[in-house]
Amino acid sequence: MDIIYAIVMLIAGLILIVSLSKENKVFYVAGGYFLLLGIWWLADFFQKDVNLFAGGWGIAFKVLTAAVLVVLVLVFVREYRANRRKSREEAEPQKKESQEDQDGLF
């Protein structure tokens, strides 16, 4: 089952980098993380005597995961706020135009 997880993570990383990086450059970070995760799963599978998800290696992996997650959340929040602000600015002129049209009728 570990091999399947590794393959899925590698495929997800490649999809993020190849397809979605055109949309936003942060997908390079996300895709790179998934590639690393796939390699980590493969290394854990092939090295049965060392558990890479426990001990010092596990702690290092968890810290790396937390750092990537923080970066991705910050980028998402920034993009969300920018898109929300942009949609509000686009809605404002339409609101004013519709109010002017209503005022002119009566």
Side-chain angles (χ1 to χ4, degrees):
M1 198 66 166
D2 290 340
I3 242 2
I4 293 173
Y5 289 141
I7 291 170
V8 168
M9 295 304 160
L10 290 171
I11 291 171
L14 289 174
I15 289 171
L16 286 170
I17 290 173
V18 173
S19 297
L20 296 176
S21 62
K22 296 170 190 162
E23 186 176 322
N24 194 334
K25 300 299 179 198
V26 75
F27 288 113
Y28 283 121
V29 175
Y33 173 73
F34 275 95
L35 288 176
L36 177 69
L37 182 60
I39 292 168
W40 202 277
W41 275 101
L42 281 175
D44 188 55
F45 176 75
F46 288 119
Q47 293 185 351
K48 299 288 185 190
D49 56 334
V50 178
N51 186 0
L52 293 178
F53 291 102
W57 287 107
I59 291 170
F61 185 73
K62 290 171 188 171
V63 168
L64 177 67
T65 299
V68 169
L69 182 62
V70 166
V71 167
L72 293 176
V73 166
L74 290 175
V75 170
F76 173 77
V77 168
R78 187 185 65 174
E79 290 289 323
Y80 177 77
R81 287 181 180 170
N83 289 339
R84 193 168 168 199
R85 189 177 318 118
K86 185 177 178 182
S87 66
R88 281 185 188 169
E89 289 172 357
E90 289 174 354
E92 293 279 329
Q94 293 173 357
K95 242 184 187 179
K96 289 178 183 177
E97 288 174 7
S98 65
Q99 287 176 351
E100 289 173 1
D101 291 342
Q102 289 176 357
D103 292 340
L105 291 176
F106 297 107

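Only heavy atoms go into these numbers, but all of them, side chains included; no hydrogens, no water, no symmetry mates.
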Honestly curious: do [X] and [Y] fall in one hydrophobic cluster under the side-chain, below-4.5 Å linking rule?
| X | Y | answer |
| --- | --- | --- |
| Ile39 | Val63 | no |
| Val29 | Phe76 | no |
| Val26 | Val18 | no |

Using a cut-off of 6.0 Å, state whether more than 12 heavy atoms not belonging to [X] lie near its atom [atom1].
| X | atom1 | result |
| --- | --- | --- |
| Phe53 | CZ | yes |
| Phe27 | CZ | yes |
| Trp40 | CH2 | yes |
| Tyr5 | OH | no |

From [X] atom [atom1] to [Y] atom [atom2], the distance as rounded to the nearest 0.5 Å:
| X | Y | atom1 | atom2 | answer |
| --- | --- | --- | --- | --- |
| Leu74 | Leu69 | CG | CG | 9.5 Å |
| Phe45 | Ile4 | CZ | CD1 | 10.0 Å |
| Leu14 | Met9 | CG | CE | 13.0 Å |
| Phe34 | Ile15 | CZ | CD1 | 10.5 Å |
| Leu36 | Leu10 | CG | CG | 10.0 Å |

Residue pair [X] / [Y], side-chain heavy-atom distance below 4.5 Å:
| X | Y | result |
| --- | --- | --- |
| Trp57 | Asn51 | no |
| Leu35 | Ile17 | yes |
| Ile7 | Leu42 | no |

Legend entry - Gly38 versus Ala6, closest heavy-atom pair with distance: O-CB, 3.5 Å
